[in-house]
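A quick write-up on the structure given underneath.
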Amino acid sequence: MKKSYFKGWAVLVLMLLLLLPQALRAGRFNVRDFGAQGDGRTLDTDAINAAVDAATELGGGTVYFPAGVYPSFSIRLQNNIRLLLDMGATLLAASPDDYPGFGYDAAEPNVWGDSLEYQDFGHSHWKNSLIWGIGLENIVIEGHGLIDGRGLVKHGSRKPGLGNKAIALRACRNVTIRDLRIFRGGHFGILPTGVDNMTIDNLKIDSNRDGINIDCCKNVRITNCQINTPNDDAIVLKSSFGLGYARVTEQVTISNCHVSGYDLGSMLDGSYQTRQEAAPDKGAVTGRIKLGTESNGGFKNITISNVTFDHCRGFALESVDGAVMEDISISNITMRNILDSGFFIRLGRRMRGPDGVPVGRTARIQISNVTMTGVPPRYCAMIMGIPGHPVEGVRISNVQMLVDGGAKSSQAAVVVPENEEGYPDPMYFGDLPAYGFYIRHAGDLQMDNIQVQTKKTDGRPAFVLEDVSDVRLSNIRSGASEKGQALVLRDVREALLLEFDGWERRTFQQVKSQRF
């Protein structure tokens with residue numbers, strides 16, 4: 001009798017477990033149990049947020065998306081939430097035009113962006129996004145599904161209902177985003193601001209503007225990602241004033257990634273088309289890795305390694321709003337079909353931020369083991385400070401460059417504008433007077449084992465140095481075919497040349513103007 005009694009209870013418990021919705025078993029909350037249809041037509045916003053709320057009431061859990069297409073407006077993350085998009089699941093950013101009366105959450109007020117305009121609209125707001133969270137911890141967004149930002153806009157607008165980011169997080173910690181595909185993510189595919197302890201791994205992003213913007217964040221790992229962004233930057237580290245104060249972006253590693261500027265969608269579909277010739281800023285298609293432009297708080301302890309570039313702009317390291325940029329290491333990079341300068345290191349004085357902030361500075365920047373092809377004839381690698389504020393502490397070694405060449409000799413005589421307060425991008429400095437490196441307003445510079453070659457005969461010198469002090473060039477092969485085209489020194493102090501095109505050793509205390 002006793003045995004039969006317990007057997008009956010066991011059967012009853014089993015039946016109850018089978019009848020319970022999945023939301024109450026194993027911490028997994030299936031959005032379909034909360035009313036999501038996943039049919040690509042029915043708006044599933046309320047059902048998804050109800051699943052998030054239910055998980056939160058029990059202390060957290062996994063909000064699960066099985067195969068299907070889920071149109072949605074803003075999804076509001078909470079603590080201890082994991083969004084899991086299974087294979088075949090698409091989270092589709094809805095368009096307000098398709099669902100009259102519905103839209104994304106309103107952009108929250110932010111005086112630092114709205115009236116003071118220390119950074120643009122996109123960097124100043126987070127709630128007007130497909131997925132957003134503020135002040136949270138322990139967040140995971142993952143799976144082998146797709147986030148499709150079809151209904152997101154690519155610009156900043158206060159029109160009610162519009163959203164312009166796929167994932168936006170502010171002041172969060174312990175965040176992981178992995179294994180997803182993101183297609184056309186709006187202004188930003190992923191925008192974390194003031195987020196600490198973040199891992200981004202194995203993403204495939206093919207987007208119509210920025211891929212990943214890491215802003216004012218600490219302890220971030222970006223690994224194994226493929227990011228294609230023809231219209232804007234692929235991976236960007238920034239330190240804006242969006243939080244209302246200057247915060248350093250630091251302790252960031254980027255490794256084993258690929259960035260490109262193929263036609264939109266052609267990375268994800270595997271066709272890798274290159275028909276688009278220009279980005280919206282009228283420069284070449286973008287797709288690069290950059291530090292800046294927003295640079296109020298600075299960049300420290302950054303490592304970028306084992307990255308491939310193809311059909312895009314090159315590296316840009318920029319401090320123009322008072323940032324300190326130091327302890328930066330870039331290594332083991334291959335760059336093919338580069339469409340601008342390849343290397344662009346810029347210290348300027350745009351100073352978009354509170355008054356009284358001094359011009360920034362640089363220290364301990366190392367670039368090594370780089371191969372590069374491309375670089376059109378109007379460009380070259382660029383290292384440029386401004387008068388009285390040199391770029392300092394740069395070390396470049398083991399670099400092979402095969403540039404397009406073909407510029408006329410008249411280009412060697414151009415005067416490059418200072419553009420001290422302007423937007424920092426190679427295209428705003430016009431045609432450049434060197435085919436290898438143009439270096440101006442720099443100090444404490446060392447370059448070793450550099451080889452530059454041109455595909456076509458070029459009328460410019462390989463290296464031009466202006467207002468440079470304490471410079472050492474060693475083991476250099478300029479590729480110059482004529483005398484006077486290897487190196488031009490103007491207002492150079494304390495220079496040492498070792499094995500430069502076969503010269504054993506040359507030292508200069510001060511050179512007003514000389515060609516070699």
Side-chain angles (χ1 to χ4, degrees), residues 93 107 113 119-126 128-132 141 147-150 152-157 162-170 177 180-195 198 200 203-217 220 222 225-240 242 249 252 254 257-265 267-268 276 278-295 299 304 307 309 311-318 339-340 344 423-425:
Q119 60 280 321
D120 64 23
F121 183 90
H123 295 94
S124 304
H125 306 281
W126 297 267
N128 56 333
S129 305
L130 175 59
I131 302 171
W132 67 265
I141 305 171
I147 295 176
D148 185 345
R150 185 178 70 188
L152 300 173
V153 297
K154 300 181 292 183
H155 51 78
S157 172
L162 294 184
N164 68 353
K165 291 169 283 287
I167 301 172
L169 302 169
R170 189 187 79 197
I177 304 174
L180 294 166
R181 290 168 292 138
I182 299 177
F183 178 47
R184 51 191 175 188
H187 191 171
F188 303 104
I190 303 174
L191 175 66
T193 307
V195 172
M198 184 172 195
I200 298 175
L203 299 187
K204 295 177 178 63
I205 300 176
D206 199 331
S207 197
N208 39 5
R209 282 203 66 185
D210 283 321
I212 301 173
N213 269 219
I214 303 297
D215 191 8
C216 303
C217 296
V220 178
I222 302 174
C225 293
Q226 302 172 50
I227 304 175
N228 182 62
T229 54
N231 298 311
D232 221 317
D233 301 310
I235 302 175
V236 195
L237 307 186
K238 295 184 175 179
S239 55
S240 75
T249 289
V252 178
I254 301 170
C257 292
H258 176 71
V259 296
S260 60
Y262 310 132
D263 295 351
L264 179 64
M267 185 271 282
L268 282 180
Q276 181 176 334
D281 65 3
K282 310 303 180 184
V285 292
T286 319
R288 63 186 165 191
I289 294 178
K290 182 172 76 171
L291 276 64
T293 306
E294 282 69 23
S295 50
F299 308 98
I304 302 170
V307 177
F309 290 60
H311 190 68
C312 60
R313 303 183 198 185
F315 274 110
L317 280 64
E318 305 167 352
L339 305 175
D340 68 353
F344 179 67
Y423 187 87
D425 191 274

Donor-acceptor contact below 3.5 Å, side chain Gln276 vs main chain Asp263: no
If we only count heavy atoms from C-beta on, is the Leu180 to Ile141 side-chain gap below 4.5 Å? yes
Please say which of Ile214, Asn213, Ile167 ends up in a side chain to side chain contact (heavy atoms under 4.5 Å, CB included) with Leu191. Asn213
Is it true that the side chains of Asp120 and His123 contain a donor and an acceptor less than 3.5 Å apart? yes
For Asn228 and Asp206, which I'm curious about, is there any donor-acceptor pair between the side chains at under 3.5 Å? yes
Separation between CD1 of Ile235 and CD1 of Ile205, rounded to the nearest 0.5 Å: 8.0 Å
Can you list everything that forms a salt bridge (charged side-chain N to carboxylate O under 4.0 Å, His left out) with Arg181? Sequence neighbours excluded, please. none
Would Phe315 and Leu317 count as a side chain to side chain contact (heavy atoms under 4.5 Å, CB included) here? Give the steps. CA-CA 7 Å; Phe315 274 110; Leu317 280 64; 4.2 Å; yes
Check whether any side-chain heavy atom of Leu291 sits under 4.5 Å from a side-chain heavy atom of Glu318, and report yes or no. no
Return the set of residues passing salt bridge (charged side-chain N to carboxylate O under 4.0 Å, His left out) with Asp425 (not counting sequence neighbours), or none when no residue passes. Arg288, Arg313
Who pairs with Glu294 by salt bridge (charged side-chain N to carboxylate O under 4.0 Å, His left out), at least two apart in sequence or on another chain? Lys238, Arg352
Taken to the nearest 0.5 Å, the spacing of Ile254 CD1 from Ile222 CD1 works out to 4.5 Å
Can you name the side-chain contact (heavy atoms from CB on, under 4.5 Å) partners of Leu339, sequence neighbours left out? Ala284, Val285, His311
Full working for side chain to side chain contact (heavy atoms under 4.5 Å, CB included) between Asp148 and Arg184: CA-CA 6 Å; Asp148 185 345; Arg184 51 191 175 188; 2.7 Å; yes
So do the side chains of Phe309 and Ser260 get within less than 4.5 Å of each other, counting heavy atoms only? no
Would you give the length of the straight line joining atom SG of Cys257 to atom CD1 of Ile289, rounded to the nearest 0.5 angstrom? 7.0 Å
Please test Asp281 against Tyr423 for side chain to side chain contact (heavy atoms under 4.5 Å, CB included), starting from the C-alpha separation and ending with a verdict. CA-CA 11 Å; Asp281 65 3; Tyr423 187 87; 5.9 Å; no
Mind checking the CD1-CZ spacing from Ile212 to Phe188? Nearest 0.5 Å is all I need. 12.5 Å
Determine whether a donor-acceptor pair (N or O, by modelled atom type, separation under 3.5 Å) exists between the side chain of Asp233 and the backbone of Thr286. no
Give me the atom names and distance for the closest heavy-atom approach of Gly261 to Pro230. O-CB, 3.7 Å
What are the two closest heavy atoms between Ser124 and Gly113, and how far apart are they? OG-CA, 3.2 Å
Sequence-distant partners of Asp232, side-chain contact (heavy atoms from CB on, under 4.5 Å), two or more places apart: Arg209, Asp210
Thr229 (side chain) donor-acceptor with Ser207 (main chain) under 3.5 angstrom: no
Does Ser129 reach the main-chain N or O of Trp126 with its side chain, forming a donor-acceptor pair under 3.5 Å? yes
Shortest non-hydrogen separation from Ser157 to Phe121 and the atoms involved: O-CZ, 3.4 Å
Least distance between heavy atoms, Ile182 atom then Ala166 atom: CG2-CB, 4.5 Å
Please report the shortest heavy-atom distance between Ala234 and Val259, naming the atom on each side. CB-CG1, 3.6 Å
Measure the spacing between CE of Met198 and SG of Cys217 and express it to the nearest 0.5 Å. 7.0 Å
Leu268 side chain reached by Phe183 side chain, heavy atoms, under 4.5 Å: yes
Output, in order, the C-alpha distance, side-chain angles, deciding distance and verdict of side chain to side chain contact (heavy atoms under 4.5 Å, CB included) for Ile177 and Ile190. CA-CA 9 Å; Ile177 304 174; Ile190 303 174; 4.0 Å; yes
Do His187 and His155 have side chains that get closer than 4.5 Å, going by heavy atoms? no
Please list, chain by chain and in numerical order, all residues satisfying side-chain contact (heavy atoms from CB on, under 4.5 Å) with Ala93, sequence neighbours excluded. Tyr104, Leu130, Leu152
Under a 3.5 Å cutoff, is there a donor and acceptor pairing between the side chains of Asn128 and Lys165? yes
Can you confirm whether the side chains of Ser240 and Asp215 place a donor and an acceptor under 3.5 Å from each other? yes
Heavy-atom pair with the smallest gap, counting every atom of Val195 and Pro192: CG2-CB, 3.7 Å
With the side chain counted from C-beta on, respond yes when Thr193 and Leu169 share a heavy-atom pair under 4.5 Å apart, and no when they do not. no
